[in-house]
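Since the structure comes first, as structure tokens, the remarks are kept for the end.
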Amino acid sequence: EAGVAQSPRYKIIEKRQSVAFWCNPISGHATLYWYQQILGQGPKLLIQFQNNGVVDDSQLPKDRFSAERLKGVDSTLKIQPAKLEDSAVYLCASSLFTGSAYEQYFGPGTRLTVT
Amino acid sequence: DAKTTQPNSMESNEEEPVHLPCNHSTISGTDYIHWYRQLPSQGPEYVIHGLTSNVNNRMASLAIAEDRKSSTLILHRATLRDAAVYYCILRVANFGNEKLTFGTGTRLTIIP
């Protein structure tokens with residue numbers, strides 16, 4: 001079974017530039033998550049999709065971050081304009097089941113450096 | 001969300017058992033206890049989860065205290081590949097709106 005795919009793996013941009021990250025979840029997984037992980041910290045949830053609808057985006061800085069999930073499959077996370085503090089690893093995850101049988105599957109992440 | 005407390009770091013010798021503790025004194029009756037680990041330069045991966053009873057799988061065992069205010073992840077025979085950050089997470093079973101709130105975890109170092 002193919003895992004969660006993310007691209008690019010690494011990205012370096014200057015502050016005030018724009019950047020986009022792409023995620024392809026595991027086939028059939030209805031729920032998709034984007035996390036931000038700053039060095040030395042645990043992942044922080046940015047946004048959660050159920051199919052192509054947003055379930056939770058309470059921690060997404062909406063003035064500069066946006067995300068969409070087309071047709072309930074792939075997803076794109078965009079930052080515009082980027083700030084120095086956006087330097088982090090951006091992780092995508094997906095899940096299938098809810099309730100007792102619940103497990104999130106994570107991609108390898110995209111490491112963003114803003115200079 | 002109910003919080004968990006873990007030691008920042010632990011060390012263990014290779015091929016010996018490892019016991020990773022987690023305190024969750026404010027856990028509610030419907031909170032599941034999940035463990036994930038994150039190997040260097042990788043995304044987190046699921047290890048194990050439980051509700052009330054002890055659980056075993058191919059990766060580890062989860063021992064849950066009778067009052068559920070603490071739990072212990074047990075790696076029966078640590079290898080160098082088990083060096084990672086281990087996260088103990090409480091999850092509310094909110095059907096259709098499941099999510100995980102990560103803390104800073106325990107960084108496990110395996111000594112050859």
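By convention in this document, chain letters (A, B, ...) are assigned in the order of the sequence lines, proteins followed by strands, and residues within each chain are numbered from 1.
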Taking atom NZ of A:K71 as the centre, does the number of heavy atoms from other residues, nucleotides or ligands within less than 6.0 Å exceed 12? no

Around atom CD of A:E85, are there more than 12 heavy atoms of other residues, nucleotides or ligands at under 6.0 Å? yes

Working to the nearest 0.5 angstrom, can you tell me the gap between [X] [atom1] and [Y] [atom2]?
{"X": "A:Y102", "Y": "B:H49", "atom1": "OH", "atom2": "NE2", "result": "11.0 Å"}
{"X": "A:Y35", "Y": "B:F102", "atom1": "OH", "atom2": "CZ", "result": "5.0 Å"}
{"X": "B:E45", "Y": "A:E103", "atom1": "CD", "atom2": "CD", "result": "9.5 Å"}
{"X": "B:Q42", "Y": "A:L91", "atom1": "CD", "atom2": "CG", "result": "11.0 Å"}

Out of the candidates A:D56, A:V55, A:T31, only one should pair with B:K99 under the side chain to side chain contact (heavy atoms under 4.5 Å, CB included) rule; please name it. A:D56

Chain B heavy atoms under 4.5 Å from [X]: which part of the residue, side chain, backbone, both or neither?
{"X": "A:Q6", "value": "neither"}
{"X": "A:P108", "value": "backbone"}
{"X": "A:Q41", "value": "backbone"}

Quick one, B:Y46 and A:F106 - any side-chain contact, counting heavy atoms below 4.5 Å? no

Measure distances from B:L100 to the heavy atoms of chain A and classify the residue's part below 4.5 Å as side chain, backbone, both or neither. both

